[in-house]
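Step one of this worksheet: look at the structure below.
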Amino acid sequence: MTDRDATVEDFRRIYDRFTAVISRYNCGNWCAPLNNGEPVCCTTKQAIPIVQKNEWKLLQERTDMWSRFKPYDKTSKQIVKDLHKDCLAIECRGARHCERDNRTMACRAFPFFPYLTRSGDFVGLAYYWTFEDRCWMISHLELVERDFVQEFVAAYESLFESDAGEYEAYKTYSATARRTFSRFKRPIPLIGREGGFYKIMPKTGEMRPAPRSEVAPLGPYRTERTYRAAVKDAGGTLPDGFAWPG
Ligand code: SF4
Ligand code: SF4
C-alpha cells in the first residue's frame with residue numbers, strides 16, 4: 001500500500017477491469033417504478049456520487065456526461081460540506097444518457113462496499129444498509145453475478161494497493177456497519193469474496209456461513225403482492241414483461 005492518493009492512471013486501470021454487469025436482470029427496472037421512473041442509485045435525490053479529485057480528472061478527460069453536483073437543500077448542502085478535501089460530489093445526466101464505460105467506481109459498485117474485518121481483512125461485499133427499503137438488488141443477493149463479485153474484489157484490492165487512505169476509510173465504514181447492525185440486533189449480510197452467503201455477527205465480528213433461507217427479500221420486495229402494492233402507492237407502472245423472479 002502507498003501513502004499517496006490513487007492517480008488518474010490507477011483509476012483508468014480499475015475502470016478497464018471493472019465492467020461486469022451486476023446481474024442478468026436489469027435491476028433498475030425494478031426499483032424505478034418506486035422512484036418516479038428513475039433507478040434509485042441514478043438520482044441525486046437518493047444517492048449522490050462522490051469521487052476523488054483524480055477520478056474526477058479521469059471522467060472529465062473521457063466524457064461530458066458528468067458535472068459538479070449542485071446542492072438543492074439543507075441535507076445535500078451538509079453532505080457536500082462534510083466531504084473530505086480530496087473528494088467532490090458530482091451528478092450525471094441521468095439513466096437515459098448513461099455511458100456504461102464512464103460510470104464512476106461508486107456507480108459500478110453500488111449497492112455494495114468492501115467489508116473489512118476488525119483486523120483489516122477484505123472478506124466480502126456488504127451493502128449500504130440505508131437503501132434496504134429501495135434497492136431491489138439488496139433484496140436479491142442471490143442474483144448477483146459471480147463475475148461481478150470477482151471484478152469488485154479485484155477493483156478494490158487494486159484501489160487499496162494504490163491508496164492507503166481508501167483502505168482506512170472502508171475499515172472505518174465497516175466498523176460503522178458493525179455498530180449499526182448491532183443496534184438493529186441482526187447480522188450483517190455478506191457476499192463472500194469467493195462467492196457464497198455469510199453473516200457477520202456485529203458484536204463479535206465473527207463471520208459465519210448463512211443459509212440461503214436467511215437471504216430474504218426486504219421492504220416492498222418481500223412478495224409479489226407487497227411489490228405490486230408499493231408500485232401502485234408510488235403511482236408507478238410495473239416493469240416491462242413483469243415476471244416475479246422465482
Ligand atoms: S443497484 Fe439497486 S438502486 Fe441501483 S438500479 Fe439496481 S436495484 Fe436500483
Ligand atoms: S452514470 Fe449511469 S449508473 Fe452512474 S448514476 Fe449516472 S445513470 Fe446511474
Side-chain angles (χ1 to χ4, degrees), residues 11-12 14-16 18-52 55-70 72 76 79-80 87-114 125-145 147-149 151-152 155 189 191 215-222 224 226-227 230-231 234 236-240 242-245:
F11 281 112
R12 195 191 313 278
I14 291 170
Y15 275 23
D16 287 348
F18 190 12
T19 60
V21 292
I22 192 166
S23 172
R24 65 184 184 278
Y25 288 84
N26 183 347
C27 58
N29 281 347
W30 288 82
C31 66
L34 302 175
N35 185 48
N36 300 315
E38 295 290 330
V40 167
C41 59
C42 299
T43 47
T44 51
K45 287 213 162 37
Q46 303 277 357
I48 302 169
I50 308 294
V51 288
Q52 280 195 23
E55 186 174 8
W56 176 228
K57 279 187 197 157
L58 174 63
L59 288 168
Q60 286 176 299
E61 187 189 291
R62 291 164 70 115
T63 179
D64 61 359
M65 73 179 276
W66 291 98
S67 55
R68 294 289 292 267
F69 169 68
K70 292 185 192 66
Y72 52 83
S76 57
I79 290 171
V80 170
C87 294
L88 45 95
I90 59 174
E91 62 188 316
C92 71
R93 290 197 291 239
R96 281 177 199 80
H97 308 283
C98 186
E99 297 167 13
R100 270 192 69 76
D101 289 346
N102 292 324
R103 292 170 302 149
T104 64
M105 194 148 170
C107 297
R108 292 163 204 244
F110 194 88
F112 299 107
F113 66 89
L125 288 64
Y127 58 71
Y128 292 104
W129 57 89
T130 55
F131 289 91
E132 274 185 339
D133 60 338
R134 283 158 286 167
C135 172
W136 178 85
M137 209 67 252
I138 288 175
S139 277
H140 287 285
L141 299 181
E142 78 284 5
L143 298 178
V144 174
E145 291 290 327
D147 285 357
F148 173 85
V149 173
E151 290 191 16
F152 180 104
I191 299 178
V215 186
L218 302 156
Y221 303 116
R222 287 190 314 280
E224 182 170 350
T226 56
Y227 180 65
V231 170
T237 46
L238 291 169
D240 283 347
F242 175 75
W244 192 247

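In listed order, ligands and their atoms are each counted from 1.
Residue contact check: Met65 has heavy atoms under 4.0 Å from atoms 1 (S) of ligand 2. Atoms of ligand 1 found under 4.0 Å from any heavy atom of Val40, numbered from 1 in the order shown, are 3 (S). Each of the atoms 7 (S) of ligand 2 lies under 4.0 Å from some heavy atom of Ala95. Ligand-side atoms of ligand 2 in range of Cys98: 1 (S), 2 (Fe), 3 (S), 7 (S), range being under 4.0 angstrom from any heavy atom. Applying the 4.0 Å criterion to heavy atoms of Gly94 picks out, from ligand 2, the atoms 7 (S). For ligand 1, the atoms sitting less than 4.0 Å from at least one non-hydrogen atom of Pro39 are 5 (S), numbered in the order shown with element in parentheses. Short contacts between ligand 1 and Met137, defined as distances under 4.0 Å to a heavy atom of the residue, involve ligand atoms 7 (S). Atoms of ligand 1 found under 4.0 Å from any heavy atom of Cys27 (numbered from 1 in listed order, with element): 1 (S), 5 (S), 6 (Fe), 7 (S).
At a cut-off of 2.8 Å, Cys107 is not counted among the residues with an N, O or S atom near atom 8 (Fe) of ligand 2. For residue Cys135, an N/O/S atom approaches atom 2 (Fe) of ligand 1 to within less than 2.8 Å.
Residue contacts with ligand 2: Phe110 is excluded, as none of its non-hydrogen atoms falls under 4.0 Å. Heavy-atom separations between Glu91 and ligand 2 are all 4.0 Å or longer.
Side-chain N/O atoms of Thr43 and Glu38 include no donor and acceptor closer than 3.5 Å.
A cation-pi contact, defined as under 6.0 Å to the ring centre and within 45° of the axis, links Lys45 to Tyr72. Within the cation-pi definition used here (under 6.0 Å to the ring centroid, within 45° of the axis), Arg108 qualifies as a partner of Tyr15.
Nearest protein heavy-atom contact of atom 6 (Fe) of ligand 2 is Cys92 SG, 2.3 Å. Summary of contacts: the protein heavy atom closest to atom 7 (S) of ligand 1 is Trp136 N, 3.3 Å.
Compare Gly28, Cys41, Cys42 by their heavy atoms: the one nearest to atom 8 (Fe) of ligand 2 is in Cys42.
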**Report entry** Steps toward side chain to side chain contact (heavy atoms under 4.5 Å, CB included) verdict (Phe11, Val51)
**Finding:** CA-CA 11 Å; Phe11 281 112; Val51 288; over 6 Å; no

Report task. Go through His97 and Glu99 one step at a time and tell me if the side-chain hydrogen bond (donor to acceptor under 3.5 Å, both in side chains) criterion holds. Result -> CA-CA 6 Å; His97 308 283; Glu99 297 167 13; over 6 Å; no

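You'll find the ring centres of Trp30 and Tyr227 inside the 6.0 Å limit.
Using a 4.0 Å cut-off between heavy atoms, Cys31 contacts ligand 1 through its side chain alone, with no backbone atom that close.
For Asp16, the CG atom is densely surrounded, since the number of other residues' heavy atoms within 6.0 Å is greater than 12.
Here the closest heavy-atom approach between residue Phe148 and residue Val21 is recorded as CB-O, 3.5 Å. Nearest heavy atom pair, residue Pro49 against residue Thr44, reads CD-CG2, 4.2 Å. The shortest heavy-atom contact between Ala109 and Phe152 is CB-CE1, 3.5 Å.
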